[in-house]
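Just so you know, these numbers use all the heavy atoms, side chains as well, and skip hydrogens, waters and symmetry mates. Numbers restart at 1 for each chain; the letters A, B, ... are given by sequence-line order, proteins then strands.
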There are 2 protein chains.
Amino acid sequence: MTETASRPTLEAVAARAGVSRATVSRVVNGGDGVREPLVARVRRAVEELGYVPNQAARSLVTKRHDAVAVVIAEPETRVFADPFFALQLRGISKELTAHDCQLVLLLTEGRDDHARVGRYLAGGHVDGALVFSLHLDDPLPGLIRGAGVPTVFGGRPGWGDGTRDAAPAVYVDCDNRGGARAAVRHLVGLGRTRVAHLTGPLDQTSAVDRLDGFRDVMVDADPRLVVQGDFTPAGGERAMRELLERCPDVDAVFAANDLSASGALRVLREQGRRVPEDVALIGFDDMLPVAEQTDPPLTTVRQDIEEMGRLMARLLLSGLDRRGEAAGPAGTPAGVVLPTTLVRRASA
Amino acid sequence: MTETASRPTLEAVAARAGVSRATVSRVVNGGDGVREPLVARVRRAVEELGYVPNQAARSLVTKRHDAVAVVIAEPETRVFADPFFALQLRGISKELTAHDCQLVLLLTEGRDDHARVGRYLAGGHVDGALVFSLHLDDPLPGLIRGAGVPTVFGGRPGWGDGTRDAAPAVYVDCDNRGGARAAVRHLVGLGRTRVAHLTGPLDQTSAVDRLDGFRDVMVDADPRLVVQGDFTPAGGERAMRELLERCPDVDAVFAANDLSASGALRVLREQGRRVPEDVALIGFDDMLPVAEQTDPPLTTVRQDIEEMGRLMARLLLSGLDRRGEAAGPAGTPAGVVLPTTLVRRASA
DNA sequence: GTGAAAGCGCTAACAT
DNA sequence: ATGTTAGCGCTTTCAC
């Protein structure tokens, strides 16, 4: 534990420099409109006293915080196990840094956490929030709305089409459904007839949309060919085992993401099925450290995750800049959907 | 982007409830010393208005924030790839939650980030900081000292023995050196004579301490048997390749952590060396998802990472509670070092 | 038990 | 160009 000396105030600096508080404030905030000799005097006083502005006091009057919260509604274990978040965070981080804005990461595991995060957001610690990985029954959107903090969502929020409210939710997503369609069409194009789908957790729109894309192509697929997973390798293993038991004749699998595809791949190999000869396999995300390292490397649907993060941050910041301007419905787009592309590797 | 309605203030609640601001404040902060009927009236007004206290205003007077920062001095990509951080964060998170304290995660990648984090800490956004993964040349400790924020470090800080300052740094660490000794002794006990060490990044004390432990046992080891890694699987692969080239007769490897051990294992198998028959291998950390999943499972040195996190948080919070009391040198221990244990699995 | 009033440290009009 | 002043929204003596 380090000492906590009570910090010097503007007042102290002003006294030391022999000027008014207002002048010190001006210098500290850029020094425009203050003559050079004074600027120097103040700067020296600041230096000598080790003055750092008290943000609470500053925010109280400016109502700005130069910080935005990133809220991830997943347990740490998942957040840290899934490169998806790392990539998105990296995009966000770059964009925020460029705007000299601090990223504050809030992880929410249980219901208590939700309440605390709600208080944090409503308490005016941040100028805005970027929210990820919402689940269908998540109380977070309500809390956020209540908090009145400008928010951009990562992934289409699950509560209807966003038109329920006066201001539709702003979100960034990739074309999950279209990407899924492309993947399944590719499998069909390969001549596969027993095409299965290992889904993600169906309380998330990304998983639902990918399932819908699968169904768009496999209009009357044997329902046993759809097995629920959870975006994790372990879930992929479990789902694949179940699938092989239910439908030993399966000849193609579209997994909802690369992580579950990697799990499925392990099971396939373990049970002596060759990929892609016996069973063709496609993932989703194009998470390089996963998709390229598997054996065989994964054919997958690519989305630019880092770019999504960057875009979310940009949307939020530009929205913040435009505060107070007439926010016509034409102002901010409700949702930005980025394209996906099929990346062919060896697994399908 | 959601609407930003200007939030109701204490004043508004007071007006609505027909009481004074002071009374509302009392109710909001627990309601002691306010008679029941008033409490109810105020509560209802709070409810109706959706009032949430403005933290900036509150902090300005109380000087408390009910939030602590966790600073990790690593790029996101590493933070999110290494389960170590997830575990530690989980321990911290649990402890903080129990004290109704918000965890604010700050990741610092480059030098600009350092400055911003320094400003954030000094700006009085948090009551304290937990700092990890410091590197030898890190400017962070200086910034933190300057910020005057109570801090507990994860891992022994690298700047001397901590006695350079009036208040020695508080930290939590595991017995890296002792654990390393145990691992190497075990290898020697197995009859191995060409025992190598794949180090971690030597600008971190944990890596240095493990190397020292290795040297404690292998007093005059062939210097070529020590190869530098970086705690990552890729680094482990690289180091292992180099090692096999330099010393093809190596018969045991102590890797600085499980992640690099897993990389080393891949290379060993790829080059046709059987583990443990030809080369015995030991890791460090006992990171379950890694150590148990490898083939063969890793013998490793266990440290209770989650407990370390919990302990760090507890130390910080108890220090915060004791503010102002005479902080005698006997008050807070400078460093807490947790024991390690050797976990035998199949790799050695 | 409750209210009135004084600030916490800062910025932003408004004077000068 | 610089100083003066009035709050930002809250907690906390201090009277009543």
**Prompt:** Quick one: is B/Thr23 getting a side-chain N or O under 4.0 Å of the C/dT2 phosphate, OP1 or OP2?
**Reply:** no
- Query: Does A/Arg35 get its side chain close enough to the base of D/dT2, under 3.5 Å, for a donor-acceptor pair?
  - Reply: no
Regarding the side chain of A/Thr9, the nearest nucleotide among D/dG9, D/dT2, C/dC10 is C/dC10
| message | I'd like to know if the side chain of A/Ser133 and the backbone of A/Ile72 have a donor-acceptor N/O pair within less than 3.5 Å. | response | no
Quiz item: Between the base of C/dG3 and the side chain of B/Arg26, is there any donor-acceptor pair under 3.5 Å?
Solution: yes
note: B/His65, atom NE2; C/dC8, atom P; distance rounded to Å ~ 16 Å
- Query: Any sub-3.5 Å donor-acceptor pair from A/Asn29's side-chain atoms to A/Ser25's backbone N or O?
  - Reply: yes
Exercise for review: Check whether any side-chain nitrogen or oxygen of B/Asn29 sits under 4.0 Å from OP1 or OP2 of D/dT11, and answer yes or no.
Suggested key: yes
Under 4.0 Å between a Lys/Arg side-chain N and an Asp/Glu carboxylate O for A/Arg43 and A/Glu47? no
Check this one for me: any side-chain N or O of B/Lys63 less than 4.0 Å away from OP1 or OP2 of C/dG9?
yes
Short side-chain to backbone donor-acceptor contact, B/Asp127 and B/Asp66, under 3.5 Å
yes
In whole angstroms, the gap separating P of D/dT11 from CZ of B/Arg21 amounts to 10 Å
task: Using a 4.0 Å heavy-atom cut-off across all strands, classify B/Ser25 as base, sugar-phosphate, or nothing.
output: base
note: A/Asp66, atom CG; C/dT11, atom P; distance rounded to Å ~ 12 Å
